[in-house]
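Inspection log for the structure reproduced underneath, given as structure tokens.
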Amino acid sequence: SEFEIALVIMEGSRRDEPEFASILKLTQHTEVAVEFCGRKDVGFIKDTETFPGVLAVVDQQEIDLEDLVEGPIICLDNIKDPGNLGTIIRTADWFGIKNILLSENSVDPYNPKVVRSTMGSMFHVHIFETGNLKKTLKKLKENFEYKIYSLDLKGKKLSTLKPSPKSVYIFGSESHGVSEGLDELIDERYTIEKKGEAESLNVAIATGILLSNL
């Protein structure tokens with residue numbers, strides 16, 4: 001594994017239960033450390049009301065921009081909702097998209113709600129957090145020959161999009177869209193055709209629709 005992992009098991013948990021027994025058996029053949037702690041200590045660690053008796057402590061990956069430049073990139077501009085980000089990560093993993101670029105002022109990808117909503121997909125993708133999205137996109141264009149595409153309400157039909165591995169697909173927030181300062185870098189805009197009366201699509205849903213077309 002690319003991750004360093006340790007398991008923390010609450011003292012008093014029934015280790016003979018099938019779930020615990022299978023986990024402990026797996027650790028015997030890996031470098032995963034197993035620690036035990038008391039109920040009081042667990043109270044300081046967990047951030048949910050219910051606790052299954054075991055949790056994992058995982059070392060965060062250090063991702064560089066260069067780790068993203070193999071295949072298409074999903075770029076998220078000012079995405080604030082942890083549920084949306086987690087769903088996008090999980091959906092990207094489902095469609096085999098490994099690269100996610102996250103702008104400044106977006107939700108922390110290691111927010112507990114984000115991690116839980118990925119349902120494990122957090123460990124299958126590369127997430128690069130940039131401190132200057134405009135500068136990073138410019139570098140992708142100039143140094144790595146990527147094309148920049150945005151998804152918004154005014155653009156070509158999504159059905160006309162021709163997928164390419166050297167593509168960045170930008171999604172902005174539902175309330176503000178893609179930041180105006182990025183306009184000069186965008187090569188083309190695409191729109192998911194509207195047939196009903198809804199004003200906008202949830203950003204996670206829009207990402208899923210795009211990914212199904214790649």
Side-chain angles (χ1 to χ4, degrees), residues 2-3 47 58-141 143-144 146-155 167-192 199-212 214:
E2 298 179 14
F3 296 86
D47 62 356
V58 184
D59 185 41
Q60 294 182 11
Q61 280 187 313
E62 292 186 7
I63 300 296
D64 296 319
L65 181 61
E66 287 72 16
D67 295 320
L68 268 60
V69 295
E70 292 185 8
I73 299 171
I74 297 300
C75 175
L76 304 174
D77 179 23
N78 288 304
I79 302 303
K80 305 288 189 181
D81 185 86
N84 279 339
L85 178 55
T87 299
I88 290 170
I89 293 170
R90 184 179 177 186
T91 305
D93 182 26
W94 175 267
F95 285 103
I97 303 299
K98 302 296 184 182
N99 307 311
I100 297 176
L101 173 60
L102 199 60
S103 78
E104 63 272 28
N105 302 319
S106 290
V107 62
D108 179 1
Y110 295 102
N111 177 299
K113 291 182 179 179
V114 174
V115 175
R116 285 198 300 273
S117 60
T118 71
M119 298 294 290
S121 290
M122 172 69 73
F123 305 115
H124 305 150
V125 299
H126 295 140
I127 303 174
F128 178 72
E129 299 176 80
T130 178
N132 188 319
L133 181 57
K134 185 174 182 179
K135 184 177 180 181
T136 298
L137 290 174
K138 188 175 181 180
K139 185 174 181 180
L140 285 169
K141 285 176 70 76
N143 294 13
F144 301 101
Y146 269 76
K147 294 289 186 180
I148 311 296
Y149 304 112
S150 73
L151 275 289
D152 55 35
L153 295 175
K154 296 180 180 180
S167 300
V168 177
Y169 302 100
I170 308 178
F171 292 85
S173 67
E174 292 174 49
S175 55
H176 300 101
V178 176
S179 300
E180 291 183 4
L182 304 178
D183 288 347
E184 64 190 72
L185 299 175
I186 294 173
D187 293 291
E188 194 60 78
R189 299 174 186 273
Y190 289 93
T191 299
I192 298 170
E199 292 185 0
S200 64
L201 276 175
N202 171 273
V203 66
I205 295 297
T207 305
I209 293 172
L210 167 75
L211 294 176
S212 71
L214 297 185

Salt bridge (Lys or Arg N to Asp or Glu O under 4.0 Å) partners for E188, two or more places apart: K156
Side chains of residues 90-97: which donor-acceptor pairs under 3.5 Å do they make with residues two or more places apart or in other chains?
| residue | atom | partner | partner atom | Å |
| --- | --- | --- | --- | --- |
| T91 | OG1 | T87 | O | 2.7 |
| D93 | OD2 | S121 | OG | 2.7 |
| D93 | OD2 | H124 | ND1 | 2.9 |

Just to verify, what does Y149 make a ring-ring contact (aromatic ring centres under 6.0 Å, His included) with, not counting sequence neighbours? Y169, Y190
Mind checking side-chain contact (heavy atoms from CB on, under 4.5 Å) for N99 and listing every partner two or more places apart, or none if nothing turns up? L68, I73, H126
The side-chain contact (heavy atoms from CB on, under 4.5 Å) partners of E66 (sequence neighbours excluded) come to D64, K139, F144
Partner set under side chain to side chain donor-acceptor pair (under 3.5 Å) for S173, not counting sequence neighbours: none
All side-chain contact (heavy atoms from CB on, under 4.5 Å) counterparts of L153, not counting sequence neighbours: none
Salt bridge (Lys or Arg N to Asp or Glu O under 4.0 Å) against E62, all qualifying residues, sequence neighbours excluded: none
Partners meeting salt bridge (Lys or Arg N to Asp or Glu O under 4.0 Å) with R189 (sequence neighbours left out): D152, D183
Listed partners of E184 passing side chain to side chain donor-acceptor pair (under 3.5 Å), at least two apart: K134
Under the salt bridge (Lys or Arg N to Asp or Glu O under 4.0 Å) test, residues paired with K141 that sit two or more places apart: D187
Side chain to side chain donor-acceptor pair (under 3.5 Å) contacts touching residues 73-83 (sequence neighbours left out): D77-S179, N78-S179
